Number of protein chains: 2
Amino acid sequence: MENLLSNIKIQVNEKVYLKDPDSSELGQKIIRGSIDLIDEIGFEQFTFKKLAADIGSTEASVYRYFDSKHHLLVYITLWYWGWMEYRLAFGLTNISSPEKRLKKAIKILTEVIEEDSTFSHVNEIKLNRIVISESSKIYHCKTVDEENTAGFFHAYKNLVQRVSDIIIEIDPEYKYPHMLVSTIIEGAHHQRFFAEHLPRLTDVIEGEDAITVFYQNMALGQLKK
Amino acid sequence: MENLLSNIKIQVNEKVYLKDPDSSELGQKIIRGSIDLIDEIGFEQFTFKKLAADIGSTEASVYRYFDSKHHLLVYITLWYWGWMEYRLAFGLTNISSPEKRLKKAIKILTEVIEEDSTFSHVNEIKLNRIVISESSKIYHCKTVDEENTAGFFHAYKNLVQRVSDIIIEIDPEYKYPHMLVSTIIEGAHHQRFFAEHLPRLTDVIEGEDAITVFYQNMALGQLKK
DNA sequence: GCAAATATAATAGTAATACTATCATAAAAA
DNA sequence: TTTTTATGATAGTATTACTATTATATTTGC
């Protein structure tokens, strides 16, 4: 992805962190190091102690930024949703046909991620892998309602709403726009994971991005014009 | 669900447990107690110590059946997939039209679960809630490839294959049958979870089971006859 | 009916995890 | 230059996720 803006910052809900990791060098090292380490060993094996060793800091210092590894995972996931919304906003400008806009939106949401040099402390390829394999853990937990009340999922809801609006523009009678969009987003993550680890649960097709094509067909096929 | 057979046992891959929990009273108490406790406090908070206290046994005794709580979650999830395949097999007999069979299959896979008195040591309603909120953790972990090699996911693959076969019967040219089926199964779980906890990510409609209807329309809409 | 095998309970112990607390020092801001 | 703030260094705790050992109760084989 080309560098679109040089001074943009993805905002993440303030309640997720104790101290904004974007505000200091150590904070940025925590984010960069976490993305590297979670991608490498998985969220269950990931600890603040291992992270601190990796980035040359201490466990106690990491705890000054996040009060748990769960919140750190929430942070990087919300950052990802914020980044996706930014990609969508840019990707959809100047496309007047709502069908084309929807198709492009689905492509942006489901395609394989390439590195984005705009945000130097984030490796978007690793981040995408983490979101695919780990991010559902941020809501599949007993604290989900509390976290929802705290507004943690606004970024995700905004993204879903933005695409739902395009769907309603195409077919104002359509009854399930949010269901359709969240099915596409979550579904694409699952299919990418299955393609890598459990291929008999999906259909990998040589020479085409079957996942993106599948969800584009699915969405357009559902809507009347 | 009425009692279809009185002497049926859902088989679970032997590598998942150290000793078959179905073979003893304690084993059955472990399963029943786990389903109650995981449903109540969530998988992260669940420990063998708490479980042992609940069922009046000891931590060490539970460890004789399962070598980790992860394997116990795998066990109850595989039991659930086995149970679903049994429900599918019964639910689809004597329906000759493949379209009707597919519709019925999607209903069985996505509808709200009612208790099944055939298996007395399993509360299917709680089990369904656990599968919805926790089961993706059995493959979203770094050991997924190993566990796949051990055959843990056969039950799930069989289920997906069984429904894919109906799809191919309807439209032999259709390119994404497995993707469609796994999208429906996983999607329905997500949508049920969202309806409960994050309703703005889905569309709850009074008086209709929107989730089942949505996925039925989605599937039939994709296929040419 | 008794010995042998097996299953469970009771208890103890360990390394790692997920934190919290304290204090010293270095760097930045007032 | 003083004060605040950020980080590092170190220590400590309760809990978790196990493993090991021994005693006792129950079942099975003969």
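These numbers come from a predicted model, not from an experiment. Below, chains carry the letters A, B, ... as their sequence lines are ordered, and counting in each starts from 1.
Looking only at atom types and distance, the side chain of B:D165 has a donor-acceptor partner in the side chain of B:Q161 under 3.5 Å away. With no hydrogens or angles considered, no side-chain donor-acceptor pair links A:Y75 and A:S34 at under 3.5 Å. With hydrogens and angles left out, the side-chain atoms of B:T143 and B:E147 include a donor and acceptor closer than 3.5 Å. Side-chain N/O atoms of B:N128 and B:Y80 include a donor and acceptor closer than 3.5 Å. Side-chain contact check for A:T212 and A:D209: at least one donor-acceptor pair (N or O, by modelled atom type) lies under 3.5 Å.
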| task | List the steps and the verdict of side chain to side chain donor-acceptor pair (under 3.5 Å) for A:Y65 and A:S24. | result | CA-CA 10 Å; A:Y65 284 83; A:S24 73; 2.5 Å; yes

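Along DNA chain D, the stretch of nucleotides lying under 4.0 Å from any heavy atom of chain B spans, 5' to 3', D:dT16 to D:dA20.
Relative ring orientation between A:W79 and A:W83 is described as parallel, the plane-to-plane angle staying below 30° on a 0-90° scale split at 30° and 60°.
Across the protein-nucleic acid pair, A:R64 atom CZ and C:dC19 atom P stand 16 Å apart, rounded to whole Å. Taking atom CD1 of residue B:I55 and atom C1' of nucleotide C:dT8, one finds them 11 Å apart after rounding to whole Å. Note: OH (A:Y63) to C1' (C:dA21) measures 13 Å, nearest angstrom.
For DNA chain C, the neighbouring residues in residues 14-50 of chain B, judged by any heavy atom under 4.0 Å, are B:K19, B:S24, B:L26.
Contact of the A:T77 side chain with the A:Y156 side chain is not registered, since no non-hydrogen atoms from C-beta on lie closer than 4.5 Å.
Put simply, B:Y65 has no side-chain N or O that comes within less than 4.0 Å of OP1 or OP2 on C:dA7.
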